[in-house]
Amino acid sequence: QVQLAESGGGLVQAGGSLRLSCAASGRTFSNYAVAWFRQAPGKDREFVAVISWASGSPYSADSVKGRFTISRDIPKNTVYLQMNGLKPEDTAVYYCAAGNRGRVTVATLYNYWGQGTQVTVSS
């Protein structure tokens with residue numbers, strides 16, 4: 001069993017930056033992929049970025065490439081999402097997820113989820 005807890009959300013103005021954290025407890029992340037998804041009001045849950053815990057290899061959605069960076073801190077059992085150049089359309093609840101089916105981009109394929117952290121970008 002893996003338990004995830006997101007933090008770092010908040011209200012920022014367009015063009016600002018924010019760093020989200022996903023802290024894990026329970027079983028190790030080894031052999032897992034850890035991903036960030038987001039869900040805006042009235043929209044489906046959207047893939048943002050994913051990282052292989054073992055290799056550190058990242059993959060990001062086209063909508064955030066060049067602006068968002070996913071990374072991991074092995075000693076802290078934490079995955080980060082550094083968000084730069086934030087836009088109003090980035091406003092959403094951001095969720096951390098972990099799974100053992102590779103670096104997939106489909107939300108339903110992830111086994112463990114955090115409770116989410118709100119990111120609001122004002123214009």
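Only a predicted model underlies this, so the values are computations on that prediction, with no experimental measurement involved.
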Between Arg72 and Trp53 (side chain of the first, backbone of the second, donor and acceptor by atom type, cut-off under 3.5 Å), is there such a pair?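 Answer holds: yes.
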Does the Arg67 side chain pair with the main chain of Gly85, one donor and one acceptor, at a distance under 3.5 Å?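 Yes, Arg67 side chain to Gly85 backbone: donor-acceptor pair under 3.5 Å.
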Please evaluate residues Ile70 and Val79 with respect to the criterion side chain to side chain contact (heavy atoms under 4.5 Å, CB included), reporting the C-alpha separation (whole Å), side-chain torsions for both, the decisive distance (0.1 Å), and the verdict. CA-CA 7 Å; Ile70 189 170; Val79 171; 3.8 Å; yes
With side chain to side chain contact (heavy atoms under 4.5 Å, CB included) as the criterion, how do Arg45 and Tyr95 come out once you've worked through the C-alpha distance, each side chain's angles and the decisive distance to 0.1 Å? CA-CA 9 Å; Arg45 192 160 296 188; Tyr95 297 91; 3.5 Å; yes
Who are the side-chain contact (heavy atoms from CB on, under 4.5 Å) partners of Val121, not counting sequence neighbours?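 Checked Val121 against side-chain contact (heavy atoms from CB on, under 4.5 Å); matches are Val12, Ala14, Leu86, Pro88, Asp90, Thr91, Val119.
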Restricting to side-chain contact (heavy atoms from CB on, under 4.5 Å), what partner residues turn up for Thr78, sequence neighbours left out?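 In terms of side-chain contact (heavy atoms from CB on, under 4.5 Å), with neighbours along the sequence ignored, Thr78 is linked to Ser21, Ala23, Lys76, Tyr80.
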Could you report the tightest heavy-atom contact between [X] and [Y], atom names first, then the distance?
X	Y	result
Gly10	Leu18	N-CD2, 3.7 Å
Cys96	Leu4	O-CD1, 3.6 Å
Glu46	Ser63	OE2-OG, 3.8 Å

Are [X] and [Y] side-chain neighbours, meaning at least one heavy-atom pair lies under 4.5 Å?
X	Y	answer
Tyr94	Gln118	no
Lys43	Arg38	no
Leu20	Trp36	yes

Which pairs, with at least one residue in residues 106-123 and sequence neighbours excluded, count as a salt bridge (Lys or Arg N to Asp or Glu O under 4.0 Å)? none
Going from CG on Leu81 to CZ on Arg19, what distance comes out if it is rounded to the nearest 0.5 angstrom?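 Those atoms lie 10.5 Å apart.
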Which distance, rounded to the nearest 0.5 Å, do you find between the OH of Tyr59 and the OG of Ser52? 15.0 Å
Linking I/L/V/M/F/W/Y whenever their side-chain heavy atoms sit closer than 4.5 Å, directly or via other members, would Val50 and Met83 fall into one cluster? no
Membership question, hydrophobic clusters at under 4.5 Å side-chain separation (ILVMFWY): are Tyr32 and Ile74 in the same one?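 Linked, Ile74 and Tyr32 end up in one cluster.
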Please collect all side chain to side chain donor-acceptor pair (under 3.5 Å) contacts where either partner lies in residues 99-117, sequence neighbours excluded, each pair once.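 Residue pairs with at least one partner in residues 99-117: Ser57-Arg103.
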Give every residue pair that meets the side chain to side chain donor-acceptor pair (under 3.5 Å) criterion with at least one member in residues 5-18, sequence neighbours excluded. Ser17-Asn84
Other than Leu11, which residues form its hydrophobic cluster under the rule that side-chain heavy atoms must be closer than 4.5 Å?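 Besides Leu11, the cluster holds no residue at all.
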Apply the test ring-ring contact (aromatic ring centres under 6.0 Å, His included) to residues Phe47 and Phe37: give CA-CA distance (whole Å), side-chain angles for both, the deciding distance (0.1 Å), then the verdict. CA-CA 5 Å; Phe47 169 77; Phe37 288 81; 5.8 Å; yes
